[in-house]
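Start at 1 with the first residue, then count along the sequence. Note that the coordinates shown come from a computational prediction; the quantities given were computed from them, not determined experimentally.
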Amino acid sequence: GATGSSSGSAPGTPGAPGGGGGGADDSGSALAGGAGAAGQVRITYKLPATVTLSGLTQTYTGSALTPTATAVPTGLTIVWTAAPQTAAGTYTVTATINDPAYAGSASGSFVIQKATPTVTVTVGSYTYTGTAQGPNSVTTAPVSTGVATYSYVGASGTTYGPSATPPTGAGSYTVTATVAVDANNNSASSSATAFSIAKATPTASVANSPVTYNGSPQAATVTAGSVA
């Protein structure tokens, strides 16, 4: 971390010619000599404090981040300039002592690195409909605005892919989602996430019912409907 430089006036300012000599009291003030005691001027100064910065490299979380500043002596109030920061990037920050008796500061380069987010595929319930279907959304932590792409592969005896198009047929599959880089996050991929498409139960109806008895065998005409 960077160490702050502190400055303060040294006590014991010499008196003006012909006047009383300067000196210092115990209150953090210097007395400059004037024309006798009546001409003395009180000059207030601050004692130097040391400021040390740490935690100057952190990783994006989506929340505000600030480095750590340590002051000696301890317990002094510190005011930050250009911190906290949230977005990934490099910032020049300064920590300054705010105290009536002490002065000091330190500056440094504060780096927030891009995160590598955790990508989780959102899996739903799927039943064969004759059209392509499967998981097509993700959550990320921290939140990423990168575009997600998907790779679908058959599993457990189902042959399919790998393909960017969701499957149509009933069976077992896995999908891997990849989220592209954005301003605050690196590109990242999910694990191969299992899902399945269940077989459908089709509907059927008899088209020629009822029929009139004629003493002979009669066949029913069955019409297949949509799957459900």
Side-chain angles (χ1 to χ4, degrees), residues 1-2 4 51-70 77-96 98 105-198 200 227:
V51 181
T52 303
L53 302 184
S54 59
L56 288 169
T57 300
Q58 299 186 35
T59 300
Y60 173 78
T61 64
S63 300
L65 300 172
T66 304
T68 299
T70 304
T77 299
I78 294 175
V79 177
W80 284 97
T81 302
Q85 298 287 345
T86 300
T90 301
Y91 308 90
T92 299
V93 297
T94 302
T96 303
N98 182 17
S105 65
S107 295
S109 182
F110 179 37
V111 179
I112 300 179
Q113 299 175 329
K114 287 186 177 184
T116 299
T118 299
V119 181
T120 303
V121 176
T122 303
V123 177
S125 177
Y126 312 98
T127 300
Y128 175 78
T129 62
T131 59
Q133 59 182 320
N136 60 0
S137 64
V138 298
T139 58
T140 61
V143 174
S144 173
T145 60
V147 175
T149 56
Y150 301 87
S151 178
Y152 302 89
V153 180
S156 301
T158 301
T159 301
Y160 187 79
S163 174
T165 303
T168 300
S172 299
Y173 304 90
T174 64
V175 58
T176 301
T178 300
V179 177
V181 64
D182 72 358
N184 296 305
N185 295 277
N186 298 312
S187 177
S189 297
S190 72
S191 61
T193 303
F195 72 100
S196 62
I197 299 176
V227 294

Pairwise side-chain contact, [X] with [Y], heavy-atom cut-off 4.5 Å (strictly under):
| X | Y | answer |
| --- | --- | --- |
| T193 | V123 | yes |
| P166 | N136 | no |
| P162 | V153 | yes |
| F195 | P167 | yes |

How close do [X] and [Y] get, heavy atom to heavy atom, and via which atoms?
| X | Y | result |
| --- | --- | --- |
| A69 | L53 | CB-CD2, 3.8 Å |
| T165 | A132 | CG2-CB, 4.5 Å |
| G146 | V179 | O-CG1, 3.5 Å |
| V93 | P67 | CG2-CG, 4.2 Å |
| A183 | A88 | O-CB, 3.9 Å |
| A177 | V138 | CB-CG1, 3.5 Å |

All side-chain contact (heavy atoms from CB on, under 4.5 Å) counterparts of [X], not counting sequence neighbours:
| X | result |
| --- | --- |
| V79 | N98 |
| T70 | T68 |
| A164 | none |
| A192 | T174, T176 |

Side chain to side chain donor-acceptor pair (under 3.5 Å) involving [X] - partner list, sequence neighbours excluded:
| X | answer |
| --- | --- |
| T131 | T129 |
| S189 | T178 |
| N184 | none |
| T116 | N186 |

Within this structure, what is the CG-OG1 distance for the pair N185 and T118, rounded to the nearest 0.5 Å?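 N185 atom CG to T118 atom OG1 measures 10.0 Å (nearest 0.5 Å).
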To the nearest 0.5 Å, tell me how far F110 CZ sits from L65 CG.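 Output value for this atom pair is 5.5 Å.
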Any donor and acceptor pair, going by atom type alone, linking the side chain of [X] with main-chain N or O of [Y] inside 3.5 Å?
| X | Y | result |
| --- | --- | --- |
| D182 | T145 | yes |
| Q85 | T90 | no |
| K114 | S187 | no |

Kindly state each residue pair satisfying ring-ring contact (aromatic ring centres under 6.0 Å, His included) with at least one member in residues 143-167, sequence neighbours excluded.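 For residues 143-167, and leaving out neighbouring residues, the ring-ring contact (aromatic ring centres under 6.0 Å, His included) pairs sorted by first residue read Y160-Y173.
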Please list all pairs passing the side-chain hydrogen bond (donor to acceptor under 3.5 Å, both in side chains) test where one or both residues lie in residues 57-66, with sequence neighbours left out.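 For residues 57-66, and leaving out neighbouring residues, there are no side-chain hydrogen bond (donor to acceptor under 3.5 Å, both in side chains) pairs at all.
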